[in-house]
Every structure is written in structure tokens, then in C-alpha cells.
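Shown next, in C-alpha cells, is the structure this report addresses.
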Amino acid sequence: MSWLLHLYETYEANLDQVGKTVKKGEDREYTLLPISHTTQNAHIEVTLDEDGDFLRAKALTKESTLIPCTEEAASRSGSKVAPYPLHDKLSYVAGDFVKYGGKIKNQDDAPFDTYIKNLGEWANSPYATEKVKCIYTYLKKGRLIEDLVDAGVLKLDENQQLIEKWEKRYEELLGEKPAIFSSGATDQASAFVRFNVFHPESIDDVWKDKEMFDSFISFYNDKLGEEDICFVTGNRLPSTERHANKIRHAADKAKLISANDNSGFTFRGRFKTSREAVGISYEVSQKAHNALKWLIHRQSKSIDDRVFLVWSNDNSLVPNPDEDAVDIMKHANRELERDPDTGQIFAGEVKKAIGGYRSDLNYPTEVHILVLDSATTGRMAVLYYRSLNKELYLNRLEAWHDSCAWEHRYRRDEKEFISFYGAPATKDIAFAAYGPRASEKVIKGLMERMLPCIVDGRRVPKDIVRSAFQRASNPVSMERWEWEKTLSITCALIRKMHIEQKEEWGVPLDKSSTDRSYLFGRLLAVADVLERGALGKDETRATNAIRYMNSYSKNPGRTWKTIQESLQPYQAKLGTKATYLSKLVDEIGDQFEPGDFNNNPLTEQYLLGFYSQRRELYKKKEEETNQ
């Protein structure tokens with residue numbers, strides 16, 4: 001229940017945001033919903049005057065509208081009659097629905113009769129506002145469709161029935177295609193109608209009016225069920241067994257909490273009713289789910305409908321565990337080190353960026369991490385949840401960016417590539433391990449598996465490191481830029497794996513290391529640089545060292561002989577310019593322990609040796625060019 005409690009506390013800490021619509025991008029909006037409210041796409045807007053008479057109407061295009069909602073309406077499906085309290089479909093709000101061809105399954109349980117009865121209770125209650133009374137006064141006249149037809153919003157056929165589907169033959173009879181047929185409604189009869197009241201002294205629309213929110217909340221609170229112990233807060237409050245859906249998006253039917261099956265293996269003999277298993281109050285359920293929806297729209301990352309969410313109870317900024325070092329720096333408004341040497345300068349800046357969150361006096365004491373997904377359309381599960389002390393979370397984030405750090409050159413800043421030293425983003429790790437064409441299902445699975453490594457300090461799964469290692473050892477299977485990115489990310493994972501084993505490896509070349517794989521990696525780098533230097537800038541084909549890399553990792557002794565023989569023409573072409581590299585090959589060969597120069601497969605360290613040696617040679621070449 002801790003995740004529900006923390007979401008409830010988040011709602012309480014952001015009461016000033018309730019009902020406020022915030023735009024995200026050009027076509028997305030999100031709102032922290034008031035309790036007993038939800039959102040629906042409206043297709044028609046009807047405006048009334050202050051006396052409750054029809055004023056005007058217009059067709060909309062899937063405009064999201066904040067509407068009052070009861071427990072029954074939130075879970076209605078099929079032929080069940082459960083009207084929304086104010087705004088709803090034509091079949092509920094139009095008293096003349098049947099007159100104009102509308103079909104209802106049960107005349108004894110007509111949707112409009114139930115709707116107008118419920119609306120009347122609200123309009124005649126002590127909590128009613130003038131706007132509610134105006135809408136009730138108009139709708140009980142039962143002439144909504146007639147007025148919409150007169151206003152040109154709805155169209156009738158030759159039999160004075162609502163047109164189900166627009167056809168070409170109607171163009172000659174009625175003119176151009178009406179806007180209602182482009183509103184997103186399945187047909188005219190299923191259009192969702194929202195109501196507004198024009199009043200010179202009121203500037204808020206009905207669906208944005210805080211007085212309207214409070215009016216329905218107070219009215220509905222008197223109609224809630226019996227009180228019970230709430231397992232979240234420990235207080236006696238009106239309870240509920242119906243919990244919210246539409247958590248990830250408007251079409252999401254999956255629920256986090258559900259107990260609507262009273263047969264079969266639902267409780268497996270443990271309980272007689274679902275309430276014996278857990279009891280959650282209506283207020284807590286509403287506030288927690290509304291806070292979750294708000295946070296998901298506001299700041300979550302979603303891959304194939306799997307939601308990755310990190311938040312604090314207030315609006316303070318939270319560093320995300322799946323970000324790389326560049327994003328951490330940018331969000332902390334720190335300058336990027338353009339040319340990291342040993343990486344220590346950049347690493348220090350990343351630590352300062354993370355440490356900057358500690359100095360924020362308004363920073364919350366806890367950070368919450370939640371991963372959600374659904375296996376079916378009706379059920380959703382919490383796949384991962386952690387609530388950590390601020391200091392502990394930042395320490396683990398800092399440890400991750402320190403231990404899984406390497407030099408990378410695949411990030412772009414405006415028009416140029418930038419170098420940075422730090423941990424890669426988890427999404428980039430997924431691409432390094434499984435390729436850029438990996439399915440979203442694979443990517444979201446890897447990101448979920450990496451979270452405990454970052455947040456809980458667990459070891460990186462060996463299969464992920466092995467997969468990245470195998471791809472990095474096969475450069476001919478991908479483009480140059482993709483391989484360079486895969487190589488540096490793989491080196492970061494390898495370094496992290498060895499730090500877990502109490503072994504330290506770094507980006508700078510370790511000339512004293514006698515590790516067999518590391519030395520073989522250095523030899524391969526020298527061969528690559530030597531041939532690349534002889535080919536010149538205009539030649540872009542892969543060198544022999546790169547082409548034989550996969551074979552080299554499995555049979556280094558035999559493959560090195562092939563590579564060395566292929567180098568002779570290039571050594572002859574370079575002449576004395578190849579002297580230093582030729583001597584370096586001999587020096588590296590002398591560092592092998594007796595018997596180590598054999599055909600046994602190489603370990604991951606050979607990639608570290610290759611990267612560091614190649615980096616050292618190119619750096620030396622740049623220094624000679626600049627002199």
C-alpha cells in the first residue's frame with residue numbers, strides 16, 4: 001500500500017494544481033483531476049443562457065473535457081445504464097433521442113430517465129450552483145436534438161431520423177459534409193455532449209469552474225457507501241470497490257486494483273468478499289489514481305505502454321535514473337566539458353550536478369520510482385516500486401555514474417558531436433545489446449532489468465554484457481557510427497562488471513598491464529591505426545583489423561598472423577612513418593607472459609585495450625599535427 005500512500009500524499013501536496021489544464025507540446029494537455037471527476041472527448045458543445053434556454057451549439061474535434069463522474073459511470077460498459085452526472089452522450093442527455101431514430105435496448109430503463117432523475121437530485125440539493133440549475137431546467141424540456149438540428153449541428157435524413165453515416169447522396173440534399181461527421185464520434189447518435197452556461201459575471205466554462213467541481217464533490221460525498229477502515233491511511237472513511245481506469249491514456253481500460261469476479265478462483269478460499277482482502281477509501285483511491293495519471297502525463301517515459309515514472313511528493317526536480325551523464329548535466333544547468341581528457345574533469349562535474357540536488361532546501365526527503373505495465377486489457381501490475389531516502393538515492397545515482405562510466409562520442413549538441421565521460425542511458429544500453437532495430441518489448445524489458453542495478457546497486461546481468469560484447473566484436477555487421485557507439489557503451493558495462501569484482505579499469509591506456517586479452521586488444525588497435533593511416537582520409541572502407549575482429553576475439557593467435565601479414569604492404573607504403581607503430585607492436589608482444597600468445601578466446605578486457613590504445617595513438621597524432 002506504500003505506493004498508494006505516496007501518490008495520495010503527492011495529491012495533497014499539489015492541491016493548488018487541481019483542475020488546472022497544462023499544455024504539453026502543441027496537441028497534448030494534462031490536468032490534476034478533482035476527485036469524482038474524469039475526462040472525456042466531447043464532440044458537441046451546447047451553450048445555454050442564464051435562464052436555461054438554448055443559445056447556441058457547435059461541433060468539436062475530440063476536445064478533452066473535465067466532467068463529473070460517479071463510481072457506476074466510471075465502470076459502465078455494454079448496455080449498462082449508468083449516466084455521468086452532467087455531460088454525457090446524446091442517448092443520455094437528449095429527451096427526444098428515440099423520436100429522432102435513437103435506439104435503446106430497454107424502454108423500462110431509459111438512459112434519459114435515469115440521467116435526468118440524477119441531475120434533478122443534484123440541481124435541487126443544497127450544493128447546487130446556478131449553472132447546474134440552468135442545465136437541468138433546459139434538459140428536462142426534452143428537446144435537445146431538435147435544437148441541435150435547428151442549429152445545423154446535427155443532420156436528419158428524408159425520414160426525419162438522425163443520419164447514421166454520411167453518404168455522397170446527402171451532399172446534393174444537405175450541402176457539404178457537416179463538422180459532426182469529422183468530430184471523431186462513431187455516428188451522430190453516439191456523440192458526447194458538454195454543456196456551458198453563458199453568464200456576464202462568470203468567466204470560467206462549466207468544465208473549468210472550481211465552484212462546479214466543489215459542488216459535485218460535496219453532493220456526491222453524501223451518497224457514498226458505508227465507512228470502513230482504509231488500509232492506506234488507517235482512518236474510517238467511505239470505502240469503495242470500484243477503482244479508476246484510464247491511467248496511462250484515455251483509452252486505457254486496465255486497472256491497478258480490481259475485484260469484480262465473485263466466482264471461480266478469485267479469492268482461493270481465503271476470503272468471503274474482496275473487502276476482507278483489502279479496504280481502500282473512496283477519497284484515497286480517487287486522489288492516488290488522479291495523482292498517478294497526472295504524473296504519467298507530466299513526466300513519465302513510456303515504451304510499448306510500459307510506464308517508467310520517477311517523482312517526488314512536491315514539484316521539485318528529480319534526476320532520472322535512466323538518463324545519461326549529458327542529460328544529468330543539462331537538467332542541472334551545468335556546462336559540458338567539450339574535450340574530456342582522462343574523464344576525471346567531466347566525472348567531477350557530473351558529481352557536482354548530482355550533488356546540486358542535495359543543496360536544494362526545497363528538495364523532498366523521498367524519491368519514488370514506479371514501473372507499470374499490463375499483460376491484458378483489463379489488468380495492470382506494478383512491476384517495480386522503490387521509495388528511497390533522498391540522500392541514499394543520490395548516492396546510488398552518483399555511484400552508478402562513477403562505476404559505469406566511459407568516454408562516449410555519440411551525443412549531438414546542435415550540429416556537432418560532443419564527448420562526454422559517464423554512464424550511458426539505459427535505452428542506449430538496450431540498443432548496444434540488441435541493436436537499433438530491437439522491438440520495444442525487448443527494450444522495455446532491459447530497461448526494467450537495469451533499474452535495480454542503478455537504484456539498488458545490483459550487478460549488471462551478465463547476458464546483457466555478453467550480448468553487447470558480441471555485437472561490439474562484430475563491427476562489419478553495422479555502420480561505423482553505430483559500432484563506435486556500441487563499443488563505448490560496451491566498455492562502460494565491462495568496466496562496471498570489473499568494478500563489481502574489485503578490479504579497476506579506466507579509459508587512459510594502462511601500459512603496465514600484462515593481462516593477455518588487454519594486450520591482444522592493444523595489438524589490434526595498432527594494426528587498425530597503421531592501416532587507416534596508410535589508406536588516407538578519402539578511403540572509408542574497413543581495415544583488416546576491423547574486418548577480422550570477430551574472428552580475432554575467438555582465435556587471436558591465428559588471426560593475428562593473418563592481420564600482420566596483411567599489414568606489410570601498408571608498412572611499406574608508409575615507410576619511416578610506420579616505424580613507431582611497428583616498434584609498438586614489438587613492445588606489446590614482449591609484455592605477454594610465456595604461453596599467453598595462443599588461440600584461447602579473448603575476454604571482455606580486449607575491447608578495453610583496443611579502445612584505450614587506439615585513443616592514445618589518435619591523441620598522439622593530434623598533438624604532433626598541432627605542433
Side-chain angles (χ1 to χ4, degrees), residues 3 24 248 292 295-312 316-332 334 336 346-347 350-351 353-354 356-357 366-373 382-388 390 392-406 408 410-412 420-436 438-461 463-465 467-468 485-486 488-490 492-493 495-497:
W3 61 274
K24 187 176 183 179
R248 294 170 293 186
L292 179 58
L295 289 168
I296 287 174
H297 288 296
R298 183 173 181 252
Q299 62 198 64
S300 75
K301 293 183 180 179
S302 182
I303 299 177
D304 192 32
D305 274 347
R306 179 166 295 178
V307 172
F308 298 84
L309 176 63
V310 182
W311 87 96
S312 58
S316 298
L317 211 59
V318 180
N320 205 308
D322 66 1
E323 293 178 335
D324 62 19
V326 175
D327 287 330
I328 290 283
M329 296 278 283
K330 284 182 177 179
H331 293 162
R334 301 191 73 88
L336 293 172
F346 193 97
V350 174
K351 286 184 178 181
I354 296 174
Y357 292 102
E366 286 185 315
V367 175
H368 314 293
I369 305 166
L370 183 69
V371 180
L372 302 172
D373 204 354
V382 175
L383 303 183
Y384 179 88
Y385 180 71
R386 289 291 182 277
S387 181
L388 288 85
K390 170 191 97 173
L392 178 60
Y393 174 73
L394 293 178
N395 286 342
R396 289 181 176 175
L397 201 60
E398 187 177 299
W400 168 257
H401 282 274
D402 181 55
S403 60
C404 192
W406 202 258
H408 307 280
Y410 56 81
R411 287 295 301 263
R412 275 186 177 272
F420 74 95
Y421 180 86
T426 52
K427 195 169 186 179
D428 288 325
I429 293 175
F431 287 137
Y434 304 118
S439 67
E440 288 191 336
K441 184 177 181 180
V442 171
I443 294 169
K444 71 180 184 181
L446 182 140
M447 290 179 68
E448 181 195 342
R449 294 178 66 197
M450 290 300 298
L451 260 180
C453 305
I454 302 169
V455 178
D456 301 330
R458 296 183 188 174
R459 294 192 172 190
V460 177
D463 63 291
I464 294 176
V465 181
S467 180
K485 178 179 180 179
T486 301
S488 64
I489 292 174
T490 303
L493 294 174
R495 180 172 183 266
K496 169 67 176 173
M497 184 177 68

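This is a predicted model, so every value here is computed, not measured.
For Ala430, the side chain to side chain contact (heavy atoms under 4.5 Å, CB included) partners are Ile443, Leu446, not counting sequence neighbours. Partners of Arg449 according to the salt bridge (Lys or Arg N to Asp or Glu O under 4.0 Å) rule, which considers only residues two or more places apart in sequence or in another chain, are Asp463. For Arg386, the side-chain hydrogen bond (donor to acceptor under 3.5 Å, both in side chains) partners are Asp456, not counting sequence neighbours. Considering only residues two or more places apart in sequence or on other chains, Ser387 meets the side chain to side chain contact (heavy atoms under 4.5 Å, CB included) condition with His6, Glu366, His368, Tyr385. With sequence neighbours excluded, the residues satisfying salt bridge (Lys or Arg N to Asp or Glu O under 4.0 Å) with Asp322 are Lys301. Not counting sequence neighbours, the partners of Leu383 by the side chain to side chain contact (heavy atoms under 4.5 Å, CB included) test are Arg306, Val371, Asp373, Ala381, Glu448. For the ring pair (Phe, Tyr, Trp, His ring centres under 6.0 Å) test, residues two or more places apart in sequence or in another chain that qualify with Tyr410 are His408, Phe420. Every residue two or more places apart in sequence or in another chain that forms a side-chain hydrogen bond (donor to acceptor under 3.5 Å, both in side chains) with Ser403 is listed here: Lys496.
Taken to the nearest 0.5 Å, the CH2 atom of Trp311 stands 9.5 Å off from the CD1 atom of Ile296. The CE atom of Met447 sits 4.5 Å away from the CZ atom of Phe308 when rounded to the nearest 0.5 Å. With rounding to the nearest 0.5 Å, the separation of CZ in Phe431 from CD1 in Ile489 is 10.0 Å.
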_Leu370/Leu295 under side-chain contact (heavy atoms from CB on, under 4.5 Å): CA gap, chis, key distance, verdict_ = CA-CA 11 Å; Leu370 183 69; Leu295 289 168; over 6 Å; no
*Evaluate the criterion side-chain contact (heavy atoms from CB on, under 4.5 Å) for residue pair Ile454 and Arg396; output intermediate values, then yes/no.*
CA-CA 7 Å; Ile454 302 169; Arg396 289 181 176 175; over 6 Å; no
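Nearest approach of Met450 to Ile429, heavy atoms of both residues: CE-CD1, 3.9 Å. Nearest heavy-atom pair across Val310 and Gln299 is O-NE2, 2.7 Å. Residues Leu397 and Pro319 share a closest heavy-atom pair of CD2-CB, 3.6 Å. Heavy atoms only, all atoms of each residue included: Lys444 and Asp304 are closest at NZ-OD2, 3.1 Å. Scanning both residues, Thr486 and Ala468, for their nearest heavy atoms gives CG2-O, 4.2 Å. Taking all atoms of both residues into account, the shortest heavy-atom contact from Pro424 to Cys404 is CD-O, 3.6 Å.
The side chain to side chain donor-acceptor pair (under 3.5 Å) pairs that include a residue from residues 422-435 are Asp428-Lys485, where partners are two or more places apart or lie in different chains.
Asp327 places none of its side-chain heavy atoms less than 4.5 Å from the side chain of Asn320. Two residues are said to be in side-chain contact when any heavy atoms from C-beta on lie closer than 4.5 Å; Tyr384 and Pro452 meet this criterion.
When atom types are taken as modelled, the side chain of Asn395 and the backbone of Glu398 share no donor-acceptor pair closer than 3.5 angstrom. In this structure a side-chain-to-backbone donor-acceptor pair under 3.5 Å is missing from Ser300 to Leu309.
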